[in-house]
Amino acid sequence: MMSNRAKLRQLMLDVFLLDEHEFRFDLRRSEIDTWDSLGVVSLAVGIHQTFGYHPTPEEATGLAGVADVIALLEGRGIDLAG
Amino acid sequence: MPGELTLLPWAEVTARAARSATVVWASDRARRALGPEWPTATWLTPDGRDAGAAASASTVIAVGGGALLDHVKLTWRARAPAATTLVAVPTVWGSGAEASPVAVWTADGRKQFRLDPELRPHAIGFDPRFAATVSRDRARAACGDVWAHAIEGFLSPLASDALRARLAALIGRLLELPVAADGRWFEPGAEAAALQARSSVGLVHGLAHVLEPVLAPGVLGHARLCALLLAPVLRWNAATSTTWAELSARFGVDRTGVEATVATLGEVEARRALIPAVEASWRQVLRDPCTRTNSALVRPNSLAGLVAELEAAPVGSPDARP
């Protein structure tokens, strides 16, 4: 069973077409070329599909890095600690 | 029709064609179908090499398929003075070029797009008699293009509830039409394209845009690819995400009827023949802008599930539809 943290990591790899070595939990949007406006849409779809929470457009566009995604999901009661 | 589109009665299109300040830019097929009695003051050739005649025209009437309409939009409409009018008359439904602010062309082996509100024609004219010039196979492909616009626009993560309600109503009207050459497709075809332009399309178009230049030109055009791909992609979406089930229930879309109808758009062997090209182009498909606004997240490892649907999605006969 994949942990939520592992699911998030895989989601980020898949949405932004990153290689494994490119991923860090402190990655920021400005470091990812594919985190453009369409990437915002894909990430919102992926968060909904993976974690069952549908970010509002404001939340999705306000995400500035992986840490913000974690904060958003933990604010909705989704545990990403382990 | 969406408010910003002006639908001209055919008599008005004919009257405008006869005016000295009007030029008609038509495909050969359109010109044959209109016949020598159509009272046109000035004809332009389909490739537009005599388009200089349009420079002083107050109205250009473009009559043809999506490729010709997009060509006129790109070469004339984009540079025309503000006071001039473009009337688009499609000879086949599906592309929605007559109603859309988007123009598409192929360059350097890739589909290119331009989205500009100025590209949208000012008015549309429909002559249902053009339907008689559309072959059975072309009609099925054109119906697939309309269905793909309607469904992908409805499912788009960028669609508002108000837009989805309008597309749901449109889908209900499409279900009443036969998958065949029928002049009643023209108006809903334009509406599907105009409404979809307010949200986005998805994986069907992402695949079609990548595959079209890869496959032998002219062998499988955009509309036929959409027709072939819609049923398997919709099934893959449904297996991957709850969005299609949730939105169809919420907006009263007859999901069973839609799935049965889109299954009649495909052809098993032609669809299976796409698989090697899909596999070879998958990375490019993932990066396509349309793929990235699909209703279900398309991941690198989604290929296997999609190929399984391309192999096995059921195909129904258009003749068997109620």
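Below, read A as the first sequence line, B as the second, and so on, with proteins coming before strands; counting in each chain starts at 1.
Residue contact with chain A, scored on non-hydrogen atoms closer than 4.5 Å, involves the backbone and the side chain of B:P289 alike. Of the atoms belonging to A:L11, heavy atoms from both backbone and side chain fall under 4.5 Å from chain B.
B:L297 and A:G46 get closest at one heavy-atom pair: CD2-CA, 3.8 Å. Residues B:P300 and A:L17 share a closest heavy-atom pair of CG-CD2, 3.9 Å.
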Between chain A and chain B, donor-acceptor distances below 3.5 angstrom:
{"residue": "A:D14", "atom": "OD2", "partner": "B:R299", "partner atom": "NH1", "Å": "2.7"}
{"residue": "A:T34", "atom": "O", "partner": "B:R292", "partner atom": "NH2", "Å": "2.7"}
{"residue": "A:D36", "atom": "OD1", "partner": "B:R292", "partner atom": "NH1", "Å": "3.4"}
{"residue": "A:D36", "atom": "OD1", "partner": "B:R292", "partner atom": "NH2", "Å": "2.7"}
{"residue": "A:D36", "atom": "OD2", "partner": "B:R292", "partner atom": "NH1", "Å": "3.2"}
{"residue": "A:S42", "atom": "OG", "partner": "B:R292", "partner atom": "O", "Å": "2.7"}
{"residue": "A:Q49", "atom": "OE1", "partner": "B:L297", "partner atom": "N", "Å": "2.8"}
{"residue": "A:T50", "atom": "OG1", "partner": "B:R299", "partner atom": "NH2", "Å": "3.2"}

